[in-house]
Amino acid sequence: MNLDELSDAELVQRFKSGDSLAFDAIVRRFQDRVFRLASVWLHDSQHAGDVSQEVFLRAFKGLRGFRFRAAPFTWLYRVTRNVCNEFNRRRVPEALEQEPIDYENLPDAQVFHRETARQVRELVDVLPERQREVVLLRIFEELSVKETARAMGCREGTVKALLHKANQNLRGKLDNSGMA
Amino acid sequence: MTDDIEQLKQNYRRIEAPPELRARVRAGLAKQPARTHRWVPITATALAAVAVLFVAQLGMQQSPAPDKLPDKPSLTALARLMQDKPALRSPSMSQLKSVKAPKMPRKPSLRSIEPPQSRIEGIIGLEEENPHV
């Protein structure tokens, strides 16, 4: 059976059973999401690659004891958040962050990545942390209310309330249907 | 959702991890020392075995519980035991008096002892209060 056809939980179960190829499939499946989230959570998105690597190294150890109390991506998201927070705490926000990014010497993909991440960060930085989190997960990552609540460790009603407040803070820019 | 947010969202979802990320993860895993958890059950078994041996040894050191209580000695046997042992005679008064106790040392006079110098400065009157310290 093709590993890519398995569900997230089945893939993790395969990995726990000792299938080393399953971990490669896990990285392949989640690397874009982890990388995107890291790009936005980090003060400096150029380190998103380092953070993503660290997330998967921790996942290799941590998923062995995974108990499936939450979805695998929920767990990965929390690891990503923690690693980003550690990284941000270690690194003082440098003056470089204020300077415009020099795109001339970067490949197009990197230009696109860093500029988009910068714009998303600019948008959500006006929000308090919890509202920022709910906007990233619910709106940008398109998780369901239930999945967002699980990832944030709160109730679904809290997710809706946070989204409503975020919408107000962003002056109605978000779709109201996202709160349903 | 406003158009600009929608567009931003689409751009965000098009962000991809760099192609070399998987290779970096593999390289990072290769650097980590191989950790197995096989030592856990082995260690647990060894510890359990040591604990069992220890408890067994303790049990063997203690006197084994007799299956049968020893017979109580008869009165005759007790009486014979007493006869076998010589009775100890208590010493007489003359014997006690003959034992000479060593002489007590002479009581020292107060004048011959110099009061020790106080090591703690600033305490006034300590030497006067307790010259024998």
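Letters A, B, ... mirror the listed sequences (proteins, then strands); counts begin at 1. None of the values given here were measured: they were computed from a predicted structure.
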In Å, rounded to the nearest 0.5 Å, how long is the span from CG of B:N11 to CZ of A:F112? 4.0 Å
Whatever's closer than 4.5 Å to a heavy atom in chain B on A:L123 counts as side chain
State the CZ-OG1 distance between A:R171 and B:T2, to the nearest 0.5 angstrom. 13.0 Å
Might you point out which heavy atoms bring A:F35 and B:P18 nearest each other, and give the distance in Å? CE1-CD, 3.4 Å
Atom group of A:F140 that falls short of 4.5 Å from chain B, counting heavy atoms: both
Please list, in residue-number order, every residue in residues 22-33 of chain A that has a heavy atom less than 4.5 Å from any heavy atom of chain B; write 'none' if there are none. A:F23, A:D24, A:V27, A:R28, A:Q31, A:D32
Chain B-proximal positions within residues 49-56 of chain A [heavy-atom distance under 4.5 Å]: A:G49, A:D50, A:S52, A:Q53, A:F56
Using 0.5 Å steps for rounding, measure from the CD1 atom of B:I15 to the CZ atom of A:R114. 12.0 Å
Distance under 6.0 Å and angle within 45° of the ring axis: does A:R36 meet both against B:Y12? yes
Using the rule that Ile, Leu, Val, Met, Phe, Trp and Tyr join whenever any side-chain heavy atoms are under 4.5 Å apart, tell me whether A:L6 and A:L21 fall into a single cluster. yes
Using residues 145-156 of chain A as the side-chain source, report each donor-acceptor pair under 3.5 Å to any protein atom, sequence neighbours left out, with the distance given to one decimal.
from   : atom 1 : to     : atom 2 : distance (Å)
A:E147 : OE1    : A:S144 : N      : 3.0
A:E147 : OE1    : A:S144 : OG     : 3.4
A:T148 : OG1    : A:S144 : O      : 2.7

Using heavy atoms and a sub-4.5 Å threshold, report which of residues 73-81 of chain A line up against chain B, by residue number. none
Counting only heavy atoms from other residues, nucleotides and ligands, does the tally under 6.0 Å from CG of A:D125 exceed 12? yes
Need one label for B:R26: side chain, backbone, both or neither, based on atoms under 4.5 Å from any heavy atom in chain A. side chain
B:E16 side chain near A:H113 side chain, heavy-atom distance below 4.5 Å: no
Rounded to the nearest 0.5 Å, the CD atom of B:E6 sits from the CD1 atom of A:I139 at a distance of 9.5 Å
